[in-house]
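We count ligands from 1, going down the list as the structure has it; atoms in each ligand are counted the same way. None of these values were measured; they are calculated from a predicted model. Note that the numbering runs from 1 along the sequence shown for the chain.
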Amino acid sequence: MTKPRVLSGIQPTADSFHLGNYLGAVKQWVALQDSHDAFYCVVDLHAITMRHEPELLRRRTRIAAAQLLGAGLDPDRCTLFVQSHVPEHAELQWVLSCITGFGEASRMTQFKDKSAKGGADASSVGLFTYPILQAADILLYEANQVPVGEDQRQHLELTRDLGQRFNHRFGATFVLPEAYIPPAAARIADLQDPAIKMSKSTSSPQGIIDLLDEPGRIRKKIARAVTDPGSEVRADEAAKPGVTNLLRIYSALTGEPISALENKYGSGGYGAFKKDVAEAVVATFTPIREKTEKVLADEAYLDQVLASGAGRAGEVARRTMDTVRDRVGFVPRMDRGDR
Ligand code: AMP
Ligand code: TRP
């Protein structure tokens with residue numbers, strides 16, 4: 001029996017992933033390697049939709065890939081690649097952009113948020129079409145499932161709409177993907193402001209735990225995390241958003257249900273609880289950081305992993321794009337073996 005396929009992507013826009021990225025996405029990516037035919041890409045094309053420094057992008061792309069290997073992706077069990085190594089992503093994005101409504105693209109909340117921050121005039125057309133490129137990433141690989149955090153749900157809906165529209169107009173071509181969102185860790189909040197999500201663009205350094213943070217920093221940040229009045233460790237999104245966030249983090253890291261944690265800590269105050277949360281994060285992140293550093297020290301190995309991933313991804317992408325060109329009505333290029 002063939003395994004269902006997953007595809008996901010992550011942007012190389014920071015020097016480290018954070019706890020939200022890890023619990024919302026990366027941890028699921030690792031878990032899905034054996035049950036699924038898994039494709040994971042570092043989306044450097046998406047990373048240039050905001051102003052960037054070329055050398056920094058190159059470095060962060062390698063750091064991103066190294067962290068994914070550090071977190072447990074195994075190049076023998078999944079296909080790990082860099083988006084720009086497979087030109088079909090950009091090619092399919094163009095075709096899909098021609099069946100996307102302007103109003104439809106204008107309704108994407110991530111675009112509205114990001115463009116509001118810099119002022120509408122400062123946003124590029126690339127930022128506007130970002131979700132269409134994401135749809136291309138997914139549809140190219142005929143992915144059945146897409147493991148992402150809650151904030152990506154709308155982009156997944158757009159992807160399905162575009163896939164369906166293309167199939168309807170040009171004949172069955174694309175598989176329509178489902179979002180695969182971990183219920184417990186769909187949205188990890190900022191440690192200093194539990195009303196907002198943990199995010200590299202909006203969180204303060206104290207509100208965010210980086211995957212590559214040293215244990216001392218992790219302990220300090222969790223000790224200083226905003227908690228709520230009272231002393232009871234109980235999940236209550238309205239009255240205790242800070243404690244609820246920490247419960248969610250602890251539960252997602254250890255696999256212990258939140259109800260069991262509530263029983264364990266009860267009304268004994270926040271101190272012991274926070275300490276244990278910090279140790280759970282340290283225990284998970286330390287081996288990942290060490291492995292990431294090892295991978296980064298051997299750039300030739302890393303680049304070779306990415307080249308072989310791009311080779312495998314490219315085969316699938318070329319096959320899909322071949323069908324798309326044919327369906328859309330482009331003349332086949334004979335010296336390329338187009339049909
Ligand atoms: P990004 O850093 O925006 O490329 O996000 C990478 C992945 O992490 C996506 O699947 C996001 O949905 C997920 N993610 C980002 N922030 C959070 C968060 N605070 N909680 C849960 N998942 C998140
Ligand atoms: N937009 C996603 C994010 O911000 C990143 C992404 C790009 C992605 N292409 C993708 C996620 C394809 C899943 C599938 O997190």
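Nearest protein heavy-atom contact of atom 21 (C) of ligand 1 is A186 O, 3.2 Å. Nearest protein heavy-atom contact of atom 15 (C) of ligand 1 is N21 ND2, 3.3 Å. Among protein heavy atoms, atom 12 (O) of ligand 1 sits closest to D151 OD1, 2.4 Å. Regarding atom 20 (N) of ligand 1, its nearest protein heavy-atom neighbour is I188 N, 2.8 Å. If you check which protein heavy atom lies closest to atom 22 (N) of ligand 1, you get G20 O, 3.2 Å.
For a threshold of 3.5 Å applied to N or O pairs, the pair formed by I10 and ligand 1 contains no separation below that value. Where the criterion is an N or O separation shorter than 3.5 Å, residue side chain and backbone included, G149 meets it with respect to ligand 1. The shortest N or O to N or O distance between Q11 and ligand 1 is under 3.5 Å. At a 3.5 angstrom cut-off on N or O pairs, V148 does not count as close to ligand 1. The shortest N/O to N/O separation between K200 and ligand 1 falls below 3.5 Å. Residue-to-ligand polar distances keep P147 apart from ligand 1: every N/O pair is separated by 3.5 Å or more.
Atoms of ligand 1 lying under 4.0 Å from any heavy atom of G24, numbered from 1 in the order shown and given with element: 21 (C), 22 (N). Using a 4.0 Å cut-off to heavy atoms of A25, the atoms of ligand 1 that qualify are 7 (C), 8 (O), 10 (O). For ligand 1, the atoms closer than 4.0 angstrom to any heavy atom of M198 are 16 (N), 18 (C), 19 (N). Ligand 1 places these atoms under 4.0 Å from at least one heavy atom of Q152: 12 (O). Listed by number with element, the atoms of ligand 1 under 4.0 angstrom from any heavy atom of R187 are 20 (N), 21 (C).
In this structure, E262 contributes its side chain and A235 its backbone to a donor-acceptor pair below 3.5 Å. Here the side chain of N245 pairs a donor or acceptor atom with the backbone of A189 at under 3.5 angstrom.
Ring orientation note: the planes of Y250 and Y265 are tilted relative to one another, at an angle of 30° to 60°.
Using a cut-off of 4.0 Å between Lys/Arg side-chain N and Asp/Glu carboxylate O, R107 and E157 are scored as not salt-bridged. Electrostatic pairing of D151 and R187 does not count as a salt bridge here, judged by no charged N lying under 4.0 Å from a carboxylate O. In this structure, R5 pairs ionically with D37, as a charged nitrogen and a carboxylate oxygen lie closer than 4.0 Å. Electrostatic pairing of K221 and D213 counts as a salt bridge here, judged by a charged N lying under 4.0 Å from a carboxylate O.
For the side chain to side chain donor-acceptor pair (under 3.5 Å) with Y130, the lone residue among H155, Q11, H46 that qualifies is Q11.
Separation of the F17 and Y22 ring centroids does not fall under the 6.0 Å cut-off. Two rings, from F128 and F102, have their centers less than 6.0 Å apart.
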Between ligand 2 and the protein, give all atom pairs where both partners are nitrogen or oxygen and the distance is under 3.5 Å, as lines of names plus distance to 0.1 Å.
{"unit_1": "ligand 2", "atom_1": "1 (N)", "unit_2": "Y130", "atom_2": "OH", "d": "2.7"}
{"unit_1": "ligand 2", "atom_1": "1 (N)", "unit_2": "Q134", "atom_2": "OE1", "d": "2.8"}
{"unit_1": "ligand 2", "atom_1": "1 (N)", "unit_2": "Q152", "atom_2": "OE1", "d": "3.0"}
{"unit_1": "ligand 2", "atom_1": "4 (O)", "unit_2": "Y130", "atom_2": "OH", "d": "3.1"}
{"unit_1": "ligand 2", "atom_1": "4 (O)", "unit_2": "Q152", "atom_2": "NE2", "d": "3.2"}
{"unit_1": "ligand 2", "atom_1": "9 (N)", "unit_2": "D137", "atom_2": "OD2", "d": "2.7"}

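By the neighbour-count criterion of 12 heavy atoms within 6.0 Å, atom CZ of R160 is densely surrounded, having more than that number from other residues, nucleotides or ligands.
Contacts between H18 and ligand 1, counted as non-hydrogen atom pairs separated by less than 4.0 Å, involve the side chain only.
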